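A quick note: this is a predicted structure, and the numbers were derived from the prediction, not measured.
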Amino acid sequence: MGNFLEETEAGREIAQKYLERGIKEGLKQQFEQGYKQSLVRSMRLVLQTRFGDIPGLDELAAALVAADHDANLVRVVNGVPLDQLQQP
């Protein structure tokens, strides 16, 4: 015996509505995750260009993006020393 609601028009409409909502939310989460990853990649590239292949480069890039991407990007470009960028 199946779910009675699934066998009704109203049930199918509700299921379709929540399916569309789930797809929309999933796409939004994927976009946000991809956007954050692209910020980390660009921060990593700027750090690598300025400081070379330093230990913990990926972690530093992620931390700077999480703290404040725009402000930290300006700091890197403006010549803030590596030890200051590594401080929390």
Side-chain angles (χ1 to χ4, degrees):
M1 183 154 134
N3 184 337
F4 168 75
L5 190 58
E6 291 175 352
E7 298 173 12
T8 67
E9 183 64 28
R12 287 187 291 275
E13 288 175 10
I14 292 169
Q16 182 65 33
K17 174 184 171 183
Y18 282 97
L19 174 64
E20 289 170 5
R21 183 183 294 173
I23 290 170
K24 207 179 275 188
E25 289 177 12
L27 290 173
K28 180 181 175 187
Q29 288 174 356
Q30 285 179 334
F31 173 79
E32 290 171 356
Q33 182 180 14
Y35 179 70
K36 182 179 177 184
Q37 288 173 349
S38 69
L39 293 178
V40 172
R41 282 194 305 266
S42 65
M43 182 68 76
R44 183 187 190 287
L45 180 61
V46 171
L47 288 167
Q48 186 177 37
T49 300
R50 177 136 183 259
F51 300 109
D53 289 323
I54 58 172
L57 179 61
D58 293 331
E59 293 80 11
L60 177 58
L64 292 174
V65 168
D68 185 342
H69 172 266
D70 293 350
N72 283 317
L73 187 57
V74 169
R75 292 174 68 213
V76 173
V77 171
N78 284 337
V80 171
L82 180 60
D83 61 335
Q84 287 182 20
L85 294 169
Q86 293 171 322
Q87 294 174 0

Is there a path of hydrophobic side-chain contacts, each under 4.5 Å between heavy atoms, that joins Val80 and Leu64? yes
Do Arg50 and Leu82 have side chains that approach each other closer than 4.5 Å (heavy atoms only, starting at C-beta)? no
Min side-chain heavy-atom separation Gln37-Arg41 under 4.5 Å: yes
Under 4.5 Å between side-chain heavy atoms, chaining through other members, with only Ile, Leu, Val, Met, Phe, Trp and Tyr counted: pull out the rest of the cluster around Ile23, sorted by chain and number. Leu19, Leu27
Could you give all pairs that pass the side-chain hydrogen bond (donor to acceptor under 3.5 Å, both in side chains) test and reach residues 65-88, with sequence neighbours left out? Asn72-Arg75
Quick test of your reading: applying side-chain hydrogen bond (donor to acceptor under 3.5 Å, both in side chains), list the pairs with at least one residue in residues 18-31, sequence neighbours left out, ordered by first then second residue. Gln16-Glu20
Quick one: side chain to side chain contact (heavy atoms under 4.5 Å, CB included) partners of Glu59, sequence neighbours excluded? none
Using a 4.5 Å side-chain heavy-atom cut-off and chaining through intermediate ILVMFWY residues, the residues clustered with Leu45 come out as none
Gap between atom CG of Leu47 and atom CG of Leu60 - 0.5 Å precision: 5.0 Å
Is there a path from Val46 to Tyr35 through hydrophobic residues (I, L, V, M, F, W, Y) whose side chains come within less than 4.5 Å of each other? yes
Smallest heavy-atom separation, Leu85 atom then Phe51 atom, equals CD1-CE1, 3.7 Å
Evaluate the side-chain proximity of Leu39 to Leu73: yes if any heavy-atom separation is below 4.5 Å, no if none is. no
Test of understanding: with side-chain hydrogen bond (donor to acceptor under 3.5 Å, both in side chains), list the residues that count as partners of Gln48, not counting sequence neighbours. Arg44, Asp53
